[in-house]
Each structure stands twice: as C-alpha cells, then as structure tokens.
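Data first, discussion second: the structure below is written as structure tokens.
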2 protein chains.
Amino acid sequence: MAQAQTLSRNQQIVLNIIEKAKGPLKAYSILFNVQKKGINAPQQIYRALDKLIEMGKIHKIESKNAFVACKSSDCEISKATAFSICESCEMVDEISDAKLSKYLSSFNHRKGMKFKRFNLEFFGLCKKCK
Amino acid sequence: MAQAQTLSRNQQIVLNIIEKAKGPLKAYSILFNVQKKGINAPQQIYRALDKLIEMGKIHKIESKNAFVACKSSDCEISKATAFSICESCEMVDEISDAKLSKYLSSFNHRKGMKFKRFNLEFFGLCKKCK
DNA sequence: TATCATAATGTTATAATATAACGTTTGTTA
DNA sequence: TAACAAACGTTATATTATAACATTATGATA
Ligand SMILES: [Zn+2]
Ligand SMILES: [Zn+2]
Ligand SMILES: [Zn+2]
Ligand SMILES: [Zn+2]
C-alpha cells in the first residue's frame with residue numbers, strides 16, 4: 001500500500017512549493033527557492049520529486065521537464081494521467097475525465113502488450129492566449 | 001506546405017541512422033555514430049532532429065528523450081502521436097489506431113481550450129518481457 | 001547572370017537537467 | 001536495543017539541450 005500520509009521534511013518542503021505555484025515548476029527552480037531552507041543540492045530535490053511522484057502527489061510534465069501538483073485526488077498511484085498544455089503561456093491543467101480515463105485504461109494494443117500506465121499530453125492555446 | 005521531399009545532407013544522415021535503429025535513439029548516441037561522417041557538434045544533430053520532427057519523419061519519445069522514425073506514413077505533420085513503451089527492455093512501438101486517434105483528436109476539454117496536437121505514451125511490459 | 005533571401009552548416013562555448021557514489025542520520029519495528 | 005530501511009547531506013559528474021556568431025550552400029527573381 002502507498003502509505004499515503006507521512007511526508008519527510010524535504011518532501012513536504014518541495015510539495016508545498018509545487019502546490020503554491022501557479023504553473024509547472026522545474027527542478028532547479030525549486031532548488032533555488034529552497035536554498036534558504038537549507039537544501040543545497042539537486043539530489044535532494046530529485047529525491048523528493050521521485051517520492052512525491054511515486055505517491056501520486058505530483059506529476060511530471062514530460063514535454064516540459066516540469067512538475068505540477070496532482071489536482072484530482074484520485075490518482076494516488078498515477079497510472080492514468082492527462083494534461084492540457086498551452087503552447088503560448090506556460091499553463092498546464094490536469095484533465096480528470098472519467099470517460100477518457102476509462103477509454104484509455106481499457107485500450108489494448110494488438111501487439112500483445114498489456115498496459116500498466118499511460119500519460120497523455122494535449123497541446124493548444126488556452127482561453128487567454130487564443 | 002511541408003515540402004515533403006528534399007532533406008539536407010545532415011538531415012538525411014540523421015534520419016538514416018534513426019531508421020536503421022532497432023529502438024529509440026538518443027541525440028548524443030546519434031552524434032557518436034556520425035562523427036566518422038564529419039558531424040562533430042550537438043547542434044548539428046539537434047538541428048536535424050528539429051527539422052525531421054517538423055516534417056513528421058521522426059518523433060520524440062518525451063519520457064525517454066529519445067527519437068524514433070515515424071512508422072505510419074500518415075502523420076506527416078505529427079499532431080496525433082501514440083506510443084507503446086516497454087518499461088523493461090527499451091522497446092517503443094508507434095500506435096496507429098484510427099479509432100483512438102479520432103477519439104482523441106475530437107476530445108474537448110471543458111475549459112475552453114481547443115487542442116491542436118496530442119502525444120500519448122502507454123507503458124507496460126512487451127510480449128518478450130512479461 | 002547577378003542579386004537577394006533563406007536555409008543549412010560549422011564551431012565554440014555554456015546552460016539546463018539529471019544521476020552516481022559514499023557516508024551519515026533518522027525512524028521503525030522485531 | 002539491535003537491526004534494517006528510508007531519508008539525508010555532500011561532492012562530483014554525466015546527460016541533454018541551447019546560445020551565439022560567422023560561413024556556406026540553395027533557390028528564387030529581377
Ligand atoms: Zn493527478
Ligand atoms: Zn495560454
Ligand atoms: Zn508517426
Ligand atoms: Zn520489453
């Protein structure tokens with residue numbers, strides 16, 4: 001089981017910053033933001049990020065190498081993620097759409113591969129930018 | 001228009017290597033493979049990769065920072081890509097599924113954003129690895 | 001053909017992202 | 001408390017990607 005609760009000190013610090021942010025954060029930008037708290041090395045950030053992803057507290061936006069807090073308390077183990085990404089501003093929005101998620105989770109490729117997880121990224125212009 | 005045909009020398013060299021490869025290739029691994037051909041700098045690789053992506057000849061696997069040749073001659077301008085990725089070996093397979101593609105291309109997020117493009121990555125264990 | 005614009009090239013340098021490796025500390029539980 | 005696992009701190013380094021600038025093809029047009 002995912003032992004949902006206890007975050008370590010560094011994990012909590014990193015999560016707080018990501019949750020407060022308006023958009024996706026990059027690892028080194030997180031790092032610069034926590035140096036006052038005594039965290040000095042990339043490893044400390046990346047380790048926290050890894051654990052937070054494992055716990056489903058945050059997600060990585062692969063096309064941006066950046067991290068966002070999970071909005072849909074559902075994905076405790078994030079095995080079905082979808083995002084809407086504005087190509088102009090940096091806006092990223094997590095999509096929680098039961099139908100979409102069900103459709104993709106039950107999608108089966110002919111080649112005999114059983115999927116455990118997917119990540120979907122949509123790109124376009126957000127309301128503001130178009 | 002995409003002016004499908006003429007590839008420059010460097011673009012052709014990079015494309016050849018990616019097409020011959022069994023799996024996804026990383027930029028620097030491409031670089032090491034073409035130094036005998038007089039290409040010495042990352043820029044030359046990245047520039048070719050950028051153009052080839054624009055033309056839809058190759059795709060970037062975002063979760064791996066690696067590149068594969070396009071299999072489905074359809075996606076000349078790659079605005080609807082889907083891949084099946086084995087978490088154990090490095091296998092990546094491009095999924096060409098008209099229904100899936102149609103379903104996602106017509107998917108509309110409530111938030112008033114019109115999507116121009118999507119990228120979907122499925123993860124699991126391939127036939128060999130499971 | 002001369003001229004102009006565009007795309008591609010070559011090169012050096014550097015930025016940005018991520019992991020290896022090692023020893024120490026802290027927290028859990030048998 | 002002893003033993004183990006998880007988290008931490010730290011230094012170094014690997015990997016991925018872009019900036020900047022000068023040069024050279026390529027292709028269209030006057
Ligand atoms: Zn989520
Ligand atoms: Zn926007
Ligand atoms: Zn393709
Ligand atoms: Zn495999």
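By convention in this document, chain letters (A, B, ...) are assigned in the order of the sequence lines, proteins followed by strands, and residues within each chain are numbered from 1.
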Touch check for Lys64(B), heavy atoms < 4.0 angstrom, all strands: base, sugar-phosphate only, or nothing? nothing

Side-chain cluster (under 4.5 Å, hydrophobic types only) that Leu125(B) belongs to, other residues: none

Residues 26-40 of chain A vs salt bridge (charged side-chain N to carboxylate O under 4.0 Å, His left out), sequence neighbours excluded, gives none

Overall bend of the helix from dT1(C)-dA30(D) to dA30(C)-dT1(D) (five pairs an end, 10° steps) is 40°

Pair listing, ring-ring contact (aromatic ring centres under 6.0 Å, His included) test, anchored in residues 85-104 of chain B, at least two apart: Tyr103(A)-Tyr103(B)

Applying side-chain hydrogen bond (donor to acceptor under 3.5 Å, both in side chains), name anything that partners Lys130(B), two or more places apart in sequence or on another chain. none

Looking at dG10(C), I'd like to know if its phosphate oxygens (OP1 or OP2) sit under 4.0 Å from a side-chain N or O belonging to Gln44(B). yes

So the contacted stretch of DNA chain D, first to last nucleotide with an atom under 4.0 Å from a non-hydrogen atom of chain A, runs from dA7(D) to dT11(D)

For Glu62(A), all residues meeting side-chain contact (heavy atoms from CB on, under 4.5 Å), sequence neighbours excluded: Lys60(A), Asn119(A), Glu121(A), Glu62(B), Ser63(B)

Between dA16(C) and Lys26(A), is there an OP1 or OP2 to side-chain N/O distance shorter than 4.0 Å? no

Return a table of donor-acceptor pairs under 3.5 angstrom between the side chains of residues 111-118 of chain B and protein atoms on other chains or two or more places apart.
unit_1: Lys111(B); atom_1: NZ; unit_2: Asp93(A); atom_2: OD2; d: 3.0
unit_1: Lys116(B); atom_1: NZ; unit_2: Glu87(A); atom_2: OE1; d: 3.4

N/O contacts under 3.5 Å, protein versus nucleotides 19-29 of chain C?
unit_1: dA20(C); atom_1: N7; unit_2: Gln43(A); atom_2: NE2; d: 2.6
unit_1: dA20(C); atom_1: N6; unit_2: Gln43(A); atom_2: NE2; d: 3.0

What residues, two or more places apart in sequence or in another chain, satisfy salt bridge (charged side-chain N to carboxylate O under 4.0 Å, His left out) together with Glu90(B)? Lys64(B)

By ring-ring contact (aromatic ring centres under 6.0 Å, His included), which residues pair with Tyr46(B), not counting sequence neighbours? none

Salt bridge (charged side-chain N to carboxylate O under 4.0 Å, His left out) involving Asp97(A) - partner list, sequence neighbours excluded: Arg110(B)

